[in-house]
**Student:** 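Here you go, one structure.
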Number of protein chains: 2
Amino acid sequence: MYSLIENDIKKLVNADEESLQFVLSHFKELKTKRNHLLLKEGDVCRTCYFINKGCVQVYYLDKNGDEATRDLYFEGQWITNIDSFSKQEPSKEFYRTIEPTSFLAIGRDNFFQLIGKVPQFMEAYRQILEASYSHSINRINSFTAMDALDRLKWVRENQAHILTRLSSKIIASYIGVSPETLSRLKNKL
Amino acid sequence: MYSLIENDIKKLVNADEESLQFVLSHFKELKTKRNHLLLKEGDVCRTCYFINKGCVQVYYLDKNGDEATRDLYFEGQWITNIDSFSKQEPSKEFYRTIEPTSFLAIGRDNFFQLIGKVPQFMEAYRQILEASYSHSINRINSFTAMDALDRLKWVRENQAHILTRLSSKIIASYIGVSPETLSRLKNKL
DNA sequence: TAAAATCCTTGACATTTATCAAGACTTGCT
DNA sequence: AGCAAGTCTTGATAAATGTCAAGGATTTTA
């Protein structure tokens, strides 16, 4: 149950076994069905999740009430609403599983205590933040610098699992086009 | 010269005067003309900057060679290419001043030594990362969930200084439309 | 300070993408 | 297993945005 998260942390920092087990002991398993809402607009996020298996869609409701997908997360990834988690403000986004998903979850209080007590965990968190920020920068650049077909090609080159694992509707929302447009773009690939 | 950065750090963390001055002593002043390239595609970023006065455009070259603006930074903001700075990989982005600009700059080695030595500086960095990540998430959501006119209105509500201080060409690139389209959108505001 | 360069706007037109509708197909639920 | 719901595709059309061109305004630079 803890092997994936253990490897992930070891990949980021050199932690002695005692510290590592101390950190892991604060994570509780959470299993959900598909379409489970982890967090919805207006909620305050009190939990940070590590995905053991499954998939989470993070989305936003546009002015027509349609879902706009900000990001998609899979096993081996860390996920929380950073704004709401760090400042305890209401979330503007929805977090929903799109497959049966199993998490390791840690509450906010435990999380920040660990950060203060275990320097290697702080260091791991810093690296996760840097990588998440970097990923979001790439995503902004894909929207400012590419048209829809190039964004689709970019996903095919860099995140191919998204195209094979998820429905066209969700892929379209992630690429930032209507499902009809995605259907037509596929013919041009 | 250090008053803005001093207030910024104090706003983020409680630091004793000695630690604060120790941290500040590692920052060197850098003044540039407008259109100075701080970093270009392919460069490895070895410096983190705090803007004392002025403005920096971070952009990307699209497949036509046009500039796509990922973000704009002003006095009081921290700026570095996080990917290149943290992993010492070549930058994919350009960083250019668009006004005469004065910075406080710190080299990568000093930066990471300070992070290790001064817990309050680590804590400040963590908060800056969280805020930067949060800002980039808002920007992704503006592209996935809004059309061009709504993005322009969003900037007017939330970053009005961008509209009053910068050229239409740069605003257009930030909004993600051609200058001609921006010119027409202004008539609909 | 004057020439050169760049910027801003507007018009005409092309291209991209969205919307609406319908039918075939797939999936989920009981 | 079978029905209901949702998905995917395609066509027709509308709306949004890009491109090219040109002229006037502004800014830069020599």
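Every chain is numbered from 1 and lettered A, B, ... according to where its sequence line falls, protein lines coming before strand lines.
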**Student:** Regarding B/R151 and the six-membered ring of B/Y174, is the cationic atom NZ or CZ under 6.0 Å from the ring centre and inside 45° of its axis?
**Tutor:** no
**Student:** So, A/S173 and A/T69: side-chain donor and acceptor under 3.5 Å apart, yes or no?
**Tutor:** yes
**Student:** Might you point out which heavy atoms bring B/Y60 and B/K92 nearest each other, and give the distance in Å?
**Tutor:** CD1-O, 3.9 Å
**Student:** Separation of B/R184 atom CZ from C/dA12 atom P, in whole Å?
**Tutor:** 10 Å
**Student:** Indicate yes or no: does A/K87 engage B/E130 in a salt bridge with an N to O separation below 4.0 Å.
**Tutor:** no
**Student:** Mind checking B/K188 for me? I need base, sugar-phosphate or nothing, with any heavy atom below 4.0 Å counting as a touch.
**Tutor:** nothing
**Student:** Give a yes or no answer on whether the side chain of A/Y2 reaches the backbone of A/F27 with a donor-acceptor pair at less than 3.5 Å.
**Tutor:** yes
**Student:** With ring centroids as reference points, do A/Y133 and B/Y133 lie under 6.0 angstrom apart?
**Tutor:** no
**Student:** Could you state the atom-to-atom distance from CD1 of A/I175 to C1' of C/dT16 in whole Å?
**Tutor:** 15 Å
**Student:** For A/D147 and C/dT15, give me the distance from atom CG to atom P, rounded to whole Å.
**Tutor:** 14 Å
**Student:** Using OP1 and OP2 only, check whether a side-chain N or O of A/S178 sits under 4.0 Å from C/dA18.
**Tutor:** yes
**Student:** Using atom CG of B/N64 as one end and atom C1' of C/dT15 as the other, report the distance to the nearest whole Å.
**Tutor:** 14 Å
**Student:** Checking side-chain polar atoms at under 3.5 Å, does A/Q57 have a donor or acceptor matched by the opposite partner on A/R70?
**Tutor:** no
**Student:** Output the rounded distance in Å from CG (A/L152) to C1' (C/dT17).
**Tutor:** 14 Å
**Student:** Mind checking whether A/Y59 and A/F94 have parallel, tilted or perpendicular rings, split at 30° and 60°?
**Tutor:** parallel
**Student:** Atom CD1 of B/I170 to atom P of C/dT6: distance rounded to whole Å?
**Tutor:** 14 Å
**Student:** Taking NZ, NE, NH1 and NH2 as the nitrogens, is one of them in A/K31 or A/E99 under 4.0 Å from a carboxylate oxygen of the other?
**Tutor:** no
**Student:** Which protein N or O atoms sit under 3.5 Å from an N or O of nucleotides 24-30 of chain C?
**Tutor:**
none

**Student:** In whole Å, what is the span from the CG atom of B/L182 to the C1' atom of C/dC7?
**Tutor:** 12 Å
**Student:** Look at the rings of A/F121 and A/F111 and say which category their plane angle falls in: under 30° parallel, 30 to 60° tilted, over 60° perpendicular.
**Tutor:** perpendicular
**Student:** Is the closest side-chain heavy-atom distance between B/R46 and B/D109 below 4.5 Å?
**Tutor:** no
**Student:** Could you measure the distance from the CD atom of B/E180 to the CZ atom of B/R184? Nearest 0.5 Å is fine.
**Tutor:** 6.5 Å
**Student:** Of A/E180 and A/R151, whose nearest nucleotide on DNA chain C comes first from the 5' end?
**Tutor:** A/R151
**Student:** What are the bounds, 5' to 3', of the part of DNA chain D that sits under 4.0 Å from heavy atoms of chain B?
**Tutor:** D/dT17 to D/dT28
**Student:** Calculate the interatomic distance between A/D150 atom CG and C/dT16 atom P; express it in whole Å.
**Tutor:** 11 Å
**Student:** Base, sugar-phosphate alone, or nothing: which one does A/N187 contact when heavy atoms must sit under 4.0 Å apart?
**Tutor:** sugar-phosphate
**Student:** Angle between the end axes of the helix from C/dT1-D/dA30 to C/dT30-D/dA1, five pairs per end, to the nearest 10 degrees?
**Tutor:** 70°
